[in-house]
Amino acid sequence: MGKRKLGIIISRLLTIVVVLLILAFVFDDYLFFKSDVKEHLTEQGIELNDDFKILHNESGGIRDYYHKFEIQISDSDKKKIIEQIKLAENFTDTVSSYFYLPESKNRYTGKPTIANYENQREFKTEYYKPNGQGIAPTYRIISISKTGNKLTFEDIID
């Protein structure tokens, strides 16, 4: 059509966009910062006052996506979060080692549910929210280790 330069520019721009998308997907775990941790925890009503260290971060999956990170928190933040879990109106300490909140809920309808409990190794708060027919429910788990100052966040979409 006589617009060779325009074609070259457009093809290069599209190539750069595709390469950037691939790199963003591949390096997603390396582009995870403390601000991202605070954002995920704030969505669940947990605030950290002291500095923390990101120990591990991973995400993956296409249809069954998950995101999991572990952080080292201070003693005071650990005590505050455990107290927050224990003071929740639905807190229970009678859970054995295994509990799966979505098992007892309708996958597509219903209200968001929060479970706060303690098992032998950790304190947990789980959030489950059905998002309607054809949309994966929101399922997030926050665990605080009893033996160390480790907080684990899991976001599971299946």
Side-chain angles (χ1 to χ4, degrees), residues 14-86 88 90-93 95-108 110 112-158:
L14 288 174
T15 302
I16 289 171
V17 167
V18 168
V19 167
L20 287 176
L21 286 172
I22 291 170
L23 288 175
F25 184 73
V26 169
F27 292 106
D28 187 37
D29 292 337
Y30 300 107
L31 301 172
F32 188 72
F33 303 105
K34 288 184 176 185
S35 59
D36 299 319
V37 169
K38 287 186 176 187
E39 181 181 323
H40 285 295
L41 293 177
T42 301
E43 288 175 357
Q44 301 308 121
I46 293 179
E47 303 238 356
L48 298 175
N49 296 328
D50 300 329
D51 195 29
F52 57 91
K53 179 181 177 186
I54 300 174
L55 302 173
H56 182 72
N57 177 55
E58 66 178 301
S59 60
I62 304 238
R63 292 194 49 139
D64 296 334
Y65 176 80
Y66 73 93
H67 181 208
K68 178 180 180 179
F69 62 81
E70 296 175 351
I71 60 174
Q72 184 80 32
I73 59 176
S74 68
D75 283 330
S76 61
D77 278 340
K78 177 182 176 178
K79 289 176 186 174
K80 183 182 78 163
I81 296 168
I82 289 173
E83 193 65 26
Q84 182 179 343
I85 291 171
K86 283 182 167 183
N90 64 347
F91 175 74
T92 183
D93 58 359
V95 174
S96 61
S97 61
Y98 179 76
F99 180 76
Y100 185 60
L101 184 60
E103 202 169 70
S104 62
K105 301 296 173 193
N106 186 312
R107 182 171 172 85
Y108 303 112
T113 305
I114 297 174
N116 294 289
Y117 61 94
E118 170 184 4
N119 63 26
Q120 296 166 345
R121 295 178 290 138
E122 53 203 2
F123 289 90
K124 289 189 169 213
T125 181
E126 295 189 16
Y127 175 79
Y128 183 80
K129 178 182 143 197
N131 291 321
Q133 187 73 28
I135 302 171
T138 303
Y139 182 45
R140 296 185 179 131
I141 307 163
I142 297 174
S143 310
I144 292 86
S145 172
K146 287 184 176 181
T147 57
N149 287 0
K150 185 169 70 169
L151 180 145
T152 304
F153 175 91
E154 297 173 88
D155 188 4
I156 303 164
I157 299 173
D158 65 354

Practice problem: Give the intermediate values and the outcome of side chain to side chain contact (heavy atoms under 4.5 Å, CB included) for residues Asp50 and Ile73. | Solution: CA-CA 8 Å; Asp50 300 329; Ile73 59 176; over 6 Å; no
For residues [X] and [Y], report the shortest heavy-atom separation together with the two atoms involved.
| X | Y | answer |
| --- | --- | --- |
| Lys146 | Asn119 | NZ-O, 2.8 Å |
| Pro130 | Pro137 | CA-CB, 4.0 Å |
| Lys86 | Phe91 | O-CB, 3.6 Å |
| Lys129 | Pro112 | CG-CG, 3.8 Å |
| Lys78 | Gly148 | NZ-O, 2.8 Å |
| Ser143 | Glu122 | CB-OE1, 3.7 Å |

Quiz prompt | Sequence-distant partners of Lys38, side-chain contact (heavy atoms from CB on, under 4.5 Å), two or more places apart | solution =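 So Lys38 forms a side-chain contact (heavy atoms from CB on, under 4.5 Å) with Phe52.
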Quiz item: For Val17, what residues pass the side-chain contact (heavy atoms from CB on, under 4.5 Å) criterion, not counting sequence neighbours?
Solution: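 Applying side-chain contact (heavy atoms from CB on, under 4.5 Å) to Val17 gives Leu21.
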Side-chain contact test, heavy atoms from C-beta onward, threshold under 4.5 Å: evaluate it for [X] versus [Y] and give yes or no.
| X | Y | result |
| --- | --- | --- |
| Lys68 | Glu154 | yes |
| His67 | Asn57 | yes |
| Ile54 | Phe33 | no |
| Leu41 | Ile71 | yes |
| Ile82 | Glu118 | no |

Practice problem: For the residue pair Ser76 and Asn49, confirm or rule out a side-chain donor-acceptor distance under 3.5 Å. | Solution: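 No donor-acceptor contact under 3.5 Å links the two side chains.
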Exercise. State, without any angle test, whether Tyr66 and Glu58 hold a side-chain donor-acceptor pair at a distance under 3.5 Å.
Key: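 Per modelled atom types, Tyr66 and Glu58 side chains form a pair under 3.5 Å.
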Quiz prompt | Sequence-distant partners of Phe153, ring pair (Phe, Tyr, Trp, His ring centres under 6.0 Å), two or more places apart | solution =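 His40, Phe69.
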Euclidean distance, [Y] [atom2] relative to [X] [atom1], rounded to 0.5 Å:
| X | Y | atom1 | atom2 | result |
| --- | --- | --- | --- | --- |
| Ile81 | Ile46 | CD1 | CD1 | 5.0 Å |
| Leu151 | Ile144 | CG | CD1 | 4.5 Å |
| Gln44 | Ile114 | CD | CD1 | 7.5 Å |
| Arg140 | Asp155 | CZ | CG | 4.5 Å |
| His56 | Gln72 | NE2 | CD | 14.5 Å |
| Lys53 | Ser74 | NZ | OG | 15.0 Å |

Quiz item: Got more than 12 heavy atoms from elsewhere within 6.0 Å of NZ, Lys150?
Solution: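 Open: at most 12 neighbouring heavy atoms sit under 6.0 Å from NZ of Lys150.
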Quiz item: Would Lys124 and Ile85 satisfy side chain to side chain contact (heavy atoms under 4.5 Å, CB included), going step by step from the backbone distance to the final call?
Solution: CA-CA 7 Å; Lys124 289 189 169 213; Ile85 291 171; over 6 Å; no
Practice problem: State which residue, out of Thr125, Asn116, Thr152, fulfils the side-chain contact (heavy atoms from CB on, under 4.5 Å) condition with Ile142. | Solution: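 Testing each of Thr125, Asn116, Thr152 against Ile142, the sole residue satisfying side-chain contact (heavy atoms from CB on, under 4.5 Å) is Thr125.
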